[in-house]
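Have a look at the structure below before the remarks.
Throughout, a chain's letter reflects where its sequence line sits, starting with A, and its residues are numbered from 1. Worth saying up front: this structure is predicted, and the values here are computed from it rather than measured. Computed from heavy atoms alone, side chains included, the values below leave out hydrogens, waters and symmetry copies.
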There are 2 protein chains.
Amino acid sequence: MDLTDNDDPLDLDRQVCFPLYAASNLLNRLYRPILSELGLTYPQYLVMLVLWKHTPQTVGSLGELLFLDSGTLTPLLKRMETGGLITRTRDTADERRVLIHLTQKGRDLRSPALRVPEALAERLDIDIEEVVRLRDQVSRLVASLHTSSQATGSTSTERKPC
Amino acid sequence: MDLTDNDDPLDLDRQVCFPLYAASNLLNRLYRPILSELGLTYPQYLVMLVLWKHTPQTVGSLGELLFLDSGTLTPLLKRMETGGLITRTRDTADERRVLIHLTQKGRDLRSPALRVPEALAERLDIDIEEVVRLRDQVSRLVASLHTSSQATGSTSTERKPC
DNA sequence: TACGGTAATATTGTGCACAATTAAAAATTG
DNA sequence: CAATTTTTAATTGTGCACAATATTACCGTA
């Protein structure tokens, strides 16, 4: 039953990526009914988190912060524009850029969204200390993944399986 | 700069779910070119991991192991059948079930797939100890998410934000 | 001031992921 | 055994996620 007591590199229990994949799916499933009351999907909620912090953003700046590209963001932002949460306008100073601004409706959504974290917490059942550790460890992985996706070369000697 | 030095519950850096979401996307992006050489996507690779371990499976048993439902698996398995990796046949003993068997081509794919973990490891740059800790912590989260998605009631007093 | 190169966004096509619904077979129960 | 309920998978419709490509705008230089 020990997860490490196994020498098959293709055993599901030895995979690092599968728990991350499963956790992401399960969390999305948990968020869905909560966010649907606000008329948001999870990636749309992430865009709102960024915009509530600092406006305007461009498609590119959102993509850097959320690790998404225009192929994902452009249609997503169009749906949010249709929903009346944001505006998409070409930057007159640089016509290549598209500026994303919040509408009043988008700003007003922040207040009810403040209850989202606790609504989610009600559906979970984990020690808060462990969650903070988990967050910081996954964040380090994300940072590592982000840099390794840019530079193919590596300097470390210690490597790891996934 | 401290991630915890912040009292805004809607700050992106305080989210637990966002790093998991980002890590899942980034890992999938990393797997893609490696698995495409085998003609697999990441969820298809997970199905193969299960089938290489034990055959046959049903749509339901695969769904339980991978936390996916028939809406995702049915079209995915049809593509794998079209690709010649598996067969889908109704269970004669219980006509509701669909049995998933490996074809010879599917079995033969295991040998080249043995190199997938190391191919992925080459593109990462993390200490192996930390990865094992991460895997076990995320696995506990997945277990917790799995149970909390079934039973709405909870007994713990300590809750956590996300 | 054309022009080659680069940067930012949009488009296209494929494959998930899921809620909600449907369909059919099996199990249960009166 | 007939009616009801449950189980299993498929279908439908929406929204990501991404690679590859296209489009348009900026930028530098000769």
Side-chain angles (χ1 to χ4, degrees), chain A residues 18 20-37 39-47 56-64 66-83 88-100 145 149, chain B residues 18 20-37 39-47 56-64 66-83 88-100 145 149:
Chain A
F18 170 60
L20 287 163
Y21 163 82
S24 181
N25 285 344
L26 289 169
L27 282 170
N28 194 359
R29 219 173 292 172
L30 218 56
Y31 265 110
R32 192 179 296 260
I34 298 169
L35 291 177
S36 78
E37 293 183 19
L40 293 173
T41 65
Y42 184 66
Q44 289 173 12
Y45 172 67
L46 294 178
V47 167
Q57 297 283 336
T58 66
V59 175
S61 66
L62 285 170
E64 271 189 52
L66 303 179
F67 306 102
L68 297 171
D69 66 3
S70 70
T72 300
L73 286 172
T74 295
L76 185 152
L77 293 169
K78 282 183 177 175
R79 282 186 288 270
M80 294 178 74
E81 184 184 36
T82 301
R88 296 166 61 247
T89 54
R90 286 282 166 182
D91 186 347
T92 52
D94 184 344
E95 292 278 348
R96 291 172 303 181
R97 295 172 183 267
V98 169
L99 296 178
I100 310 297
L145 285 169
S149 69
Chain B
F18 170 60
L20 287 164
Y21 163 82
S24 181
N25 284 343
L26 289 168
L27 282 171
N28 193 357
R29 218 173 293 172
L30 218 55
Y31 265 110
R32 191 179 297 260
I34 297 169
L35 291 177
S36 79
E37 293 183 20
L40 293 174
T41 65
Y42 184 66
Q44 289 173 11
Y45 172 67
L46 294 177
V47 168
Q57 298 283 334
T58 67
V59 175
S61 66
L62 285 170
E64 269 190 54
L66 303 179
F67 306 103
L68 297 171
D69 65 3
S70 70
T72 299
L73 285 173
T74 296
L76 184 152
L77 293 169
K78 282 183 178 174
R79 281 185 289 270
M80 292 177 74
E81 185 184 35
T82 301
R88 296 165 61 248
T89 54
R90 287 279 166 185
D91 185 348
T92 52
D94 184 344
E95 293 278 348
R96 292 171 301 182
R97 296 172 183 265
V98 169
L99 296 178
I100 310 297
L145 284 169
S149 69

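Look at CZ on A:Phe67: it is 18 Å from C1' on D:dC16, rounded to the nearest Å. Going from atom CG of A:Leu68 over to atom C1' of D:dG15 covers 13 Å, rounded to whole Å. The separation between A:Tyr31 atom OH and D:dC16 atom P is 16 Å, rounded to whole Å. A:Asp91 places its CG atom 12 Å from the P atom of C:dA8, with the value rounded to the nearest Å. Between the CZ atom of B:Arg79 and the P atom of C:dG13 there is a distance of 17 Å, given to the nearest Å. As a whole-Å value, the separation of A:Glu81 CD from C:dT9 C1' is 14 Å. Atom-to-atom, CG of B:Leu35 to P of D:dC18 comes out at 15 Å; the value is rounded to the nearest Å. Across the protein-nucleic acid pair, B:Arg32 atom CZ and C:dG13 atom C1' stand 12 Å apart, rounded to whole Å.
Counting heavy atoms from C-beta on, the side chains of B:Val98 and B:Arg90 come closer than 4.5 Å. Side-chain contact between B:Met80 and B:Leu77: present, with at least one pair of heavy atoms (C-beta onward) separated by less than 4.5 Å. A:Leu20 places a side-chain heavy atom less than 4.5 Å from the side chain of B:Leu20.
Crowding of B:Glu95 atom CD: a count of heavy atoms from other residues, nucleotides or ligands under 6.0 Å exceeding 12. For CD of A:Glu64, the number of neighbouring non-hydrogen atoms (other residues, nucleotides, ligands) closer than 6.0 Å is 12 at most.
Considering only side-chain atoms of A:Pro43, the nucleotide from D:dC18, C:dA25, D:dC16 that sits closest is D:dC16. Listed nucleotides D:dA25, C:dA17, D:dC16 differ in distance to A:Tyr21; the shortest reach to its side chain belongs to C:dA17. Distance from the side chain of B:Glu95 is smallest to C:dA26 among C:dC16, C:dC18, C:dA26.
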How does protein reach along nucleotides 1-12 of chain D, written 5' to 3' as B (base within reach of a heavy atom under 4.0 Å), S (only sugar-phosphate), or - (no contact)? ------BSSBB-
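For B:Ala93 and A:Arg29, each mapped to the nucleotide of DNA chain C holding its nearest heavy atom, the one lying further toward the 5' end belongs to A:Arg29.
Here the side chain of A:Thr82 pairs a donor or acceptor atom with the backbone of A:Lys78 at under 3.5 angstrom. The closest donor-acceptor contact from the side chain of A:Tyr42 to the backbone of B:Phe18 lies under 3.5 Å.
The side chain of B:Tyr42 contributes no N or O atom lying less than 4.0 Å from OP1 or OP2 of C:dG15.
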